[in-house]
2 protein chains.
Amino acid sequence: MNDRNGSGEESLLFLTDEQLRMGSEAMFFAYRAFTADPDRILEELGYGRAHHRALHFIRRSPGTTVNNLLSILGVTKQSLNRVLRRLIADGLVSSSVGHRDRRERNLHLTESGLALERRLSEAQRKRMRTAYRQAGPEAVAGFRKVLEAMMDEQMRRQFLGGREGGG
Amino acid sequence: MNDRNGSGEESLLFLTDEQLRMGSEAMFFAYRAFTADPDRILEELGYGRAHHRALHFIRRSPGTTVNNLLSILGVTKQSLNRVLRRLIADGLVSSSVGHRDRRERNLHLTESGLALERRLSEAQRKRMRTAYRQAGPEAVAGFRKVLEAMMDEQMRRQFLGGREGGG
DNA sequence: TTGGAAAGTCAACAACGCTGACATAAACTT
DNA sequence: AAGTTTATGTCAGCGTTGTTGACTTTCCAA
């Protein structure tokens, strides 16, 4: 709340309201920059950010179900369905009936889906790569540490659970 | 592109595509968490994220003009106007004719505008504070460094230009 | 066989981006 | 003084992406 110094980390002066406000603002500007490059590509094709997110998470977990995707993305099925319907119609995503449970649909990227996902994520990675290089390895470790600490427990599990090795 | 090791920072293995993908994903999840708390308050009041942004930047630069706000937020005047109109009608923002240039409007937060902005930003700061404390001062420095490196030059100037002291 | 979960669809709505067109006042230029 | 530019505001309309609610179909499991 206020900067009463004297005790441990509190005295390191990076928890003042003003410092925290700057942190928020940095998040705002950085996130805008972070989405800007893929947004340009998406616009050419008449897609939006939601399409990118779907492509990203289907690539990350091939064969994932709609329900699983819903819980990761945190949107309603109606909202996701609109996006998926279009991606399937456009031949970027394939939806196949589940093996064990035939109510489920397993989602995969098609070749052209993979190609678009690669194009989008490469645009995004290019910016990340430049930023990481500029900031250096220690800064990157700190960056990741703060981002993870910022997530809710549930999100953190989804984030860390998506792959094997950590960061 | 690929992890051909051997030269300088490249060999530190934090620039592989997979590492960069994880960075992107961390940004996605963290940003969702970052906006979640104020979003809940805004929803109660029938406002959206755009209202929060306007309140934030008017508080940051009291007396700012509409044009200045437009260039910071990076939206069209029609879009901003819709938000400002509501905030002014609701008595959260005051708009006064400029002194030097009477075409301009100087924007300020009213008392209730200040109160809401405080409530929103405090909710956001609370999460930042917790994350910062968990991650520690070095991580915070790295976090800020990467976020700044991620911005476009123009954004970085707006970010750093808004106040006196840096980070 | 029946209950309920999973998936999909339709309708309607809201927030918030966008474009284009137009109005007004003030300031600047010629 | 007349014309142009700038700052702002507003109207109309559109698209993406979120929401709720209602409903159907499919199909697993008790």
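Residue numbering restarts at 1 for every chain, and letters A, B, ... go by the order of the sequence lines. The model shown is predicted, which means the values in this text are computed figures rather than measured ones.
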Is it the case that A/His56 and B/Glu25 place a side-chain donor and acceptor less than 3.5 Å from each other? yes
Give me, pair by pair, the N or O atoms of the protein and of nucleotides 7-10 of chain C that are less than 3.5 Å apart, along with how far apart they are.
| from | atom 1 | to | atom 2 | distance (Å) |
| --- | --- | --- | --- | --- |
| C/dA7 | OP2 | A/Asn67 | N | 3.3 |
| C/dA7 | OP2 | A/Asn67 | OD1 | 3.1 |
| C/dA7 | OP2 | A/Asn67 | ND2 | 3.3 |
| C/dA7 | N7 | A/Lys77 | NZ | 3.4 |
| C/dG8 | N7 | A/Lys77 | NZ | 3.1 |
| C/dG8 | O6 | A/Lys77 | NZ | 2.3 |
| C/dT9 | OP2 | A/Asn81 | OD1 | 3.0 |

Closest-nucleotide mapping onto DNA chain D: is A/Val97 or B/Asp101 further toward the 5' terminus? I mean the 5' end. B/Asp101
Whole angstrom value for the distance that separates C1' of D/dG9 from CG of B/Leu80: 11 Å
Counting only side-chain N and O atoms of B/Thr76, is one of them less than 4.0 Å from OP1 or OP2 of C/dC18? yes
Take A/Arg129 and B/Asp17 through the salt bridge (charged side-chain N to carboxylate O under 4.0 Å, His left out) test and state the conclusion after the steps. CA-CA 9 Å; A/Arg129 202 179 294 124; B/Asp17 281 9; 3.7 Å; yes
Testing the 3.5 Å rule here: is there a donor-acceptor pair between the side chains of B/His52 and B/Glu117? no
Backbone of A/Leu92 reached by a side-chain donor or acceptor of A/Asp90 within 3.5 Å: no
Just how far, in rounded Å, is C1' of D/dT6 from CZ of B/Arg102? 16 Å
Name every residue in residues 35-52 of chain B that has at least one heavy atom under 4.0 Å from any atom of DNA chain D, in order of residue number, or write none if there are no such residues. none
Does a salt bridge link B/Glu148 with B/Arg144, judged by any charged N lying under 4.0 Å from a carboxylate O? yes
Do B/Glu153 and B/Arg156 meet the salt-bridge criterion of a basic N to acidic O distance under 4.0 Å? yes
D/dC11 P sits how many Å from B/Arg82 CZ, rounded? 12 Å
Test your reading of the model: is there a side-chain donor-acceptor pair from A/Thr35 to the backbone of A/Arg32, 3.5 Å cut-off? yes
Would you kindly give the CG-to-C1' distance between B/Leu73 and C/dC18, to the nearest whole Å? 15 Å
How close or far is atom P of D/dG9 from atom CG of B/Leu87, stated in whole angstroms? 12 Å
Tell me, please, which residues at least two apart from B/Arg53 pass side-chain contact (heavy atoms from CB on, under 4.5 Å). A/Phe28, B/Arg49, B/Ala50, B/Leu73
Can you tell me the distance, in whole Å, between the CZ atom of A/Arg100 and the C1' atom of C/dA5? 14 Å
Students often get this wrong, so: under 4.0 angstrom with heavy atoms, is B/Arg86 touching a base, only sugar-phosphate, or nothing? nothing
Note: A/Glu122-A/Arg125 ion pair, threshold 4.0 Å (strictly below): yes
Please tell me if A/Ser79 has a side-chain N or O lying less than 4.0 Å from either OP1 or OP2 of D/dT17. no
